[in-house]
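Worksheet: one structure, shown below.
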Amino acid sequence: MALMNGIDTNTLAELLFPDIKMLPENIEARYPVRDLPEGAKVTRFAPSPTGFVHFGGLFPSTVGERLAHQSGGVFYLRIEDTDAKREVEGAAEGLIRTLATYGIHFDEGAILDESGKISDKGAYGPYRQSERAEIYQTFAKQLIREGKAYPCFTTEEELDELSQVNKKEELKNTDWQAEAEARRLEMLARRNFTLDEVKEHLAAGHPFVIRILADGTPDAKVKFTDLIKGNMEIPENDEDFVLLKSDGIPTYHFAHAVDDHLMRTTHVIRGEEWLPSLAKHLQLFRYLGFRAPKYMHIAQIMKLDEAGNKKKLSKRDMGANMDDYTRMGYCPEAVCEYIMTLLNSNYEEWHMQNPEKPYTDFPFNIKKMSTSGCLFDFNKLNDVSKNIISRMDAAAVTEKVTAWALDFDPAFGALLQRDPSYAESIFAIGRGGNKPRKDLATWADAKPYMGFFYDEYFTVEDVYPENFSKEDIKAVLANFADIFDPTDDSSAWFAKIKEIGAKLGFAADMKLYKQNSDDYKGSVADVSMFLRLAVTGKMNSPDMYSVMQILGKERVLARIKAMADAL
Ligand code: GLU
């Protein structure tokens, strides 16, 4: 029989939890050890439904997904909804949808059913913590029985007051030793109660929390190996932290130990902000008689601020909310691949050697992960994305740009949809072959890139090439209009451009031009530029020959005339 303050802890447990009839062993029986092959990893993503999926959340969940699925294990989703005050309506549903967009598929856990509501799939549920109150209370009751936890009747108001006082004290007080001593005394006072006091409180209906009876001393260290950060020593926990709140709902710490044990998680992959709480968790696993899982604490994602300093990617930063990527027009594959480049430094090399293979074929390796924070960088993401899009065929690009535009730029979407084969001929320019053009990083880039193919979006940028006389430009335009023949092949077409140039004093040969530039008004590149400006309205465009083929004689000539008239 365990005693606490001379109180029989069995009596105390029954007083506090009269309705909990189950025993831990009854629960254990419902969560058998998983029947998996040797080395299979069981991982989970355990978000709190308090908002959108953050880039920094997709990161560990990708690791969890890869490790489980690469090893023939199980990856599951647990919704950590123990803080009703912070919960956002619909966030859990949104989260599941967003994760699915980024290839994060769960084998079990909270899922969306056909009607879009959350339900459970799998034998280790319930997967929403709010539905597991009885389980946590059963284990809390057991810890009371064993003298490892105790009730604390301090009310929330009192706690609030206390923390206010503590904060003020903290500001004034730099004498850490005195502060630690004050905390120790406070803790001892809390631990010191009689059975009669407990009975009185309960009879008066006072709320209580359950606290752990910490057995650590801060000078002593626990040895621990993090799979990313390596060997470390952390001070033992000496804080009687709360296990169950006054509504019977657990804190993160307690729910983590109970759930990850019962759901048979082998690897806990989470943000490094949990590292300071690790001593609490190890103590809990020990108290509960559970084997602790392996841990991987992932460093925060960083970004460079305007001054070039590294800082944490915050919730408000562009690129933090995964739903933004859809709006910005990134294809999910690009984001997934970009994450792989951040996660494993050898990913890019592998990808170059295996350009056709999906990222899921890459042998992801924990040892190749960076121990300090990865740097988030849109330029890099854009490079990855341009590569991916350049390898898609024109039909796929047309379909994806159209779908995106219908959601985010409906007028443009409608234009694309009006004549899909016209759109496809545009996206086919420069595609295929060994060196496909890399123009598009996002679907939103499509309109600035090829909008000029639609008269509705065609405008001539206000760039008059200052180094040339208007007369010369007009002469080039007029000459071209005279001899343009859309049935020419590309070499005949280009020969004509050189010919016009030569006739008007522009060097046909670039080498010659570079040697004696003073002898010429310009080069054939300038001649092309005048035509490009007239026909596309821009200084940069896809291949001009193809552009003119697609636009057709009438529109090419109309645009050339319009520019000549405007000069
Ligand atoms: N609900 C916790 C969070 O969102 C989960 C951390 C964990 O993975 O254990 O930070």
Side-chain angles (χ1 to χ4, degrees), residues 41-68 73-88 91-96 98-99 104 106 108-110 118 124-133 136 224 226-229 234 241-243 245 249-285 288 290-301 312-315 320-322 343 366 369 373:
K41 299 182 172 75
V42 179
T43 62
R44 83 299 193 271
F45 186 45
S48 306
T50 53
F52 56 79
V53 180
H54 188 281
F55 187 86
L58 192 60
F59 211 63
S61 60
T62 305
V63 177
E65 191 276 338
R66 290 289 74 221
L67 290 182
V74 174
F75 179 51
Y76 70 89
L77 176 66
R78 182 170 71 226
I79 302 285
E80 306 219 318
D81 54 352
T82 52
D83 192 349
K85 273 187 238 137
R86 288 180 53 227
E87 192 164 337
V88 173
E93 289 83 349
L95 225 117
I96 296 176
T98 306
L99 290 166
I104 308 292
F106 298 97
E108 65 180 53
I118 296 195
Y124 289 78
Y127 296 94
R128 270 161 289 173
Q129 289 182 330
S130 56
E131 295 184 358
R132 301 172 61 81
Y136 305 119
F224 162 78
D226 182 275
L227 294 187
I228 297 179
K229 301 200 178 282
I234 48 175
F241 61 92
V242 174
L243 302 178
K245 294 179 266 185
I249 296 297
T251 54
Y252 167 78
H253 311 304
F254 193 46
H256 155 52
V258 170
D259 290 347
D260 281 313
H261 165 70
L262 291 177
M263 298 180 185
R264 307 289 169 182
T265 309
T266 61
H267 290 66
V268 167
I269 301 147
R270 61 184 180 186
E272 68 178 359
E273 67 274 19
W274 291 111
L275 211 45
S277 312
L278 189 68
K280 292 189 171 81
H281 305 156
L282 295 177
Q283 184 168 70
L284 260 175
F285 277 95
L288 289 161
F290 302 157
R291 188 168 156 192
K294 295 200 162 68
Y295 285 95
M296 295 173 59
H297 288 94
I298 297 196
Q300 303 263 9
I301 309 279
K312 271 192 254 165
L313 181 73
S314 93
K315 273 190 173 174
N321 182 349
M322 288 321 297
L343 283 175
I366 301 174
M369 287 179 73

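In listed order, ligands and their atoms are each counted from 1. Any value given below was found using the heavy atoms of this structure, including those in side chains, with hydrogens, waters and symmetry copies removed.
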(request) First locate atom CD1 of I298, then atom NZ of K229, and finally report the distance between them rounded to the nearest 0.5 Å. (result)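 Here the rounded value is 9.0 Å.
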(request) Rounded to the nearest 0.5 Å, what's the gap from CG on L67 to CG on L227? Could you check? (result)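 Taking CG in L67 and CG in L227, the distance rounds to 9.0 Å.
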(message) With heavy-atom distances below 4.5 Å as the criterion, would you say the side chains of R44 and Y124 are in contact?
(response)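 The answer is no; the side chains never approach within 4.5 Å.
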(message) Residues around ligand 1, heavy atom under 4.0 Å from any ligand atom, sorted by chain and number. Can you pull those?
(response)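 Shell around ligand 1 (4.0 Å, heavy atoms): R44, A46, S48, E80, Y252, R270, W274.
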(message) In terms of relative ring orientation, are H261 and F290 parallel, tilted or perpendicular, with 30° and 60° separating the classes?
(response)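 H261 vs F290 ring planes: parallel.
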(message) Over 60° means perpendicular and under 30° means parallel, so tell me whether H281 and H256 are parallel, tilted or perpendicular.
(response)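 Perpendicular: the ring planes of H281 and H256 meet at over 60°.
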(request) Report the C-alpha separation of M369 and L343 in whole Å, then their side-chain angles, then the decisive distance to 0.1 Å, and conclude whether the side chain to side chain contact (heavy atoms under 4.5 Å, CB included) test is met. (result) CA-CA 6 Å; M369 287 179 73; L343 283 175; 3.9 Å; yes
